[in-house]
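Below is one structure, written out as structure tokens, with a few remarks after it.
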Number of protein chains: 2
Amino acid sequence: MSKLTLKSVAKTLGVSTATISNAFNRPDQLSVALRQKILQACHELGYFGPNKAAQSLRKGSSGIVAVILSDSLEYMVSDPVASQFLQGVSRELERHQLHLLLFSGQATNLEAISDFVDGFICYGAPRNTGLIEQLRHSRKRVLTVDFDLAGRPSVNIDNEQAAFDSAMAVLRPKDTVAVLGLRLIDAAGSQPVGDKPMWDNQSSIAHRRLDGYQRAMQQCGLTLAADYLWHIPESNQNYAREAARAVLAMSPRPTVLLCMSDLIGLSAMREALQLGLRIPQDIRVVGFDGIEETLRYHPTLTSVWQFSDQKGEAAVRAFLNPDDTTLQLPYELRLGESS
Amino acid sequence: MSKLTLKSVAKTLGVSTATISNAFNRPDQLSVALRQKILQACHELGYFGPNKAAQSLRKGSSGIVAVILSDSLEYMVSDPVASQFLQGVSRELERHQLHLLLFSGQATNLEAISDFVDGFICYGAPRNTGLIEQLRHSRKRVLTVDFDLAGRPSVNIDNEQAAFDSAMAVLRPKDTVAVLGLRLIDAAGSQPVGDKPMWDNQSSIAHRRLDGYQRAMQQCGLTLAADYLWHIPESNQNYAREAARAVLAMSPRPTVLLCMSDLIGLSAMREALQLGLRIPQDIRVVGFDGIEETLRYHPTLTSVWQFSDQKGEAAVRAFLNPDDTTLQLPYELRLGESS
DNA sequence: CTGTTAGCGCCTTCAG
DNA sequence: CTGAAGGCGCTAACAG
């Protein structure tokens, strides 16, 4: 059983190489009958179509789009928001007959795959900042989601305004406010931000959201006391619970919790209920993202819905769209029983 | 800024294409000084090295190895055993200057990437059986782990013997035994296996382990009552807890739980303790895999340690090793406080 | 150490 | 529908 290339197959079938190529790539260039016959014969031979590497070299595109996650696969994929986004991406790519290549934001070797893909969709700023440099210089198409890269198209929501809206929905005069923030500083555990240096003011969605919260509080004549701004390193239950517990034990106890993800919001509500607090009478909670689980929980969580699956689809369309417009997606404030 | 190919770069630097190529690929072929100068110049030009797709076409290998997970990325990556395995794989690949491409066992389009990789390491039988067919016919190197594919090299442990050993370590005369098994049938929730058709007797590690348990019980003059064999669809806490609870509520209550993963074993112990049972006085528990968490838990869990990270490294070495030997890795029975 | 050359497997064009 | 030719970007072998 020798090499099985387009040329060798053409010879054994006794047709021209162009015909084999056309049978796979341009059905209109030959009769249906001949095409069927060829495809059938190839299948029996075990020839599954033109070599993709050669095809990619010749055509200049491979039909593979890399999605770069901001964090490790572990983390991203266990987060319902990220995983919804990925579903949207993969659905829309499929629609265009494109393939998805998942790439960890911790990886270092973008160059290793760069030549095999048609471009990159980056979901959140990669944890490994070296990647950002590589993306900046890449000659391939790059689309960013939830952060910006100079000169590259992006897809986002207005995090500042959304956070503002959500805060305005819960804040009352005289409230004591606590913010349970996501990745505000570069620290491993849940902890008050205090005066530690902020992570990356510019492009971080966490800071845009914080800005929105601050603006809302200002408008309500409130201020955020120093120790009431908490950093949570990852959107998972353990970290969130830890922070929620600590914040609920503070004196005076907050009457409002502004949470930068629904996972955090849910954990906070659980802790509050466990302490015997009533929601929303004793304490109000607002989340961010919009995940299904908040609808099944009681009380339901007031939150900003950003429809991550549609965001994934939009990202692919923007990626494919040749004009480099940055896309601002709509969000929706949905009131639940928690406010 | 034009195309930036090896040829164009060679021309602008005024050297031969071979020299550029050698500068990147075969340092011994030119002086250190010249090489440095060239690399430096390339960096300034923004040329990051030869195009990988062309290189792959020419050399016939890309330096990328695909790891095919048996299941979705979500599941695999949240399982400590799988993630240890992946760590081992990625460490060993790095050592050989190779790159890792993660591929979901649910995907359908192996052909899409097949031409870009040097081969496949399959960790567990892919959930999507269509992939198995494709792997069978692939002209690339294929190595299987924890299952077998006719004519392909594989890496495994002796699951039957290991299960036997672990069972023999806990069984006593007159025991009432329950088995908390992993993916024994094709069903979504935790449930007794009953007379439902078994999943895939041949290659499934779950069934090899069950065989080992059965042999041990036979040797101890015990039998496994019909409803005491449980199916758990995924090795996660929720499913495991559900099964453990049900089994512990049966009458007579089991005095031994044979668990097909440590995650299941831990959940089972938690449930037992919560019911006020004493371990090992009232009930003995044995796990499988060997994960760190069992050492931090009290009581520590008797289990089969299979050193998944080393298994990952071994898999890569076997993949790279040209002779198609199937490798049987050692395991270690470690007694804990649970038996 | 350099330059040249012949492909790796494919797609496209163009004349038949 | 065929057949031939050119080239995608690169590497390996060989002669200088």
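Per chain, numbering begins at 1; letters A, B, ... match sequence-line order.
Sorted by first and then second residue, the pairs that involve residues 37-60 of chain A and meet ring-ring contact (aromatic ring centres under 6.0 Å, His included), not counting sequence neighbours, are Phe24(A)-Tyr47(A).
Checking the phosphate oxygens (OP1, OP2) of dG3(D), no side-chain nitrogen or oxygen of Ser16(A) falls inside 4.0 Å. Using a 4.0 Å cut-off, no side-chain N or O of Ser56(A) falls inside it from OP1 or OP2 of dC10(C).
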Under-3.5 Å N/O pairs linking protein and nucleotides 6-8 of chain D:
from: dG6(D); atom 1: N2; to: Arg58(A); atom 2: NH1; distance (Å): 2.6
from: dG7(D); atom 1: N2; to: Arg58(A); atom 2: NH1; distance (Å): 3.3

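Under the rule for a side chain to side chain donor-acceptor pair (under 3.5 Å), Thr144(A) has no partner lying at least two apart in sequence or in another chain.
One finds no salt bridge joining Asp28(A) and Arg35(A) here, because no Lys/Arg side-chain nitrogen approaches an Asp/Glu carboxylate oxygen to under 4.0 Å.
Residues Asn109(A) and Phe103(A) are in side-chain contact: their nearest non-hydrogen atoms beyond the backbone lie under 4.5 Å apart. Using a 4.5 Å heavy-atom cutoff, the side chains of Val65(B) and Ile121(B) are in contact.
Rounding to whole angstrom units, CD of residue Gln55(B) and P of dA12(D) are separated by 9 Å. Regarding Asn51(B), its CG atom lies at a distance of 13 Å from the C1' atom of dC8(C), rounded to whole Å. Atom CD1 in Ile20(A) sits about 12 Å away from atom C1' in dC1(D), given to the nearest Å. In this structure, Leu30(A) places its CG atom 14 Å from P of dT12(C), rounding to the nearest Å. Nucleotide dC1(D) holds its C1' atom 16 Å from the CZ atom of Arg35(A), rounded to whole Å. One can place CZ of Phe116(A) at 15 Å from P of dG9(C), the figure rounded to the nearest angstrom.
Ile157(B) contributes atom CD1, which lies 11.0 Å from atom CZ of Arg208(B) (distance to the nearest 0.5 angstrom).
Of the candidates dC10(C), dG3(D), dG9(D), the closest approach to any side-chain atom of Leu6(A) belongs to dC10(C).
Within 4.0 Å of Tyr47(A), counting heavy atoms only, lie sugar-phosphate atoms of the nucleic acid but no base atom. Residue contacts shown for Asn22(B) are absent, as no nucleic acid heavy atom lies under 4.0 Å away.
There is no side-chain donor-acceptor pair under 3.5 Å between Ser235(A) and Asp79(A).
Between Pro50(B) and Gln29(A), the residue anchored closer to the 5' end of DNA chain D is Gln29(A), taking for each the nucleotide with the nearest heavy atom.
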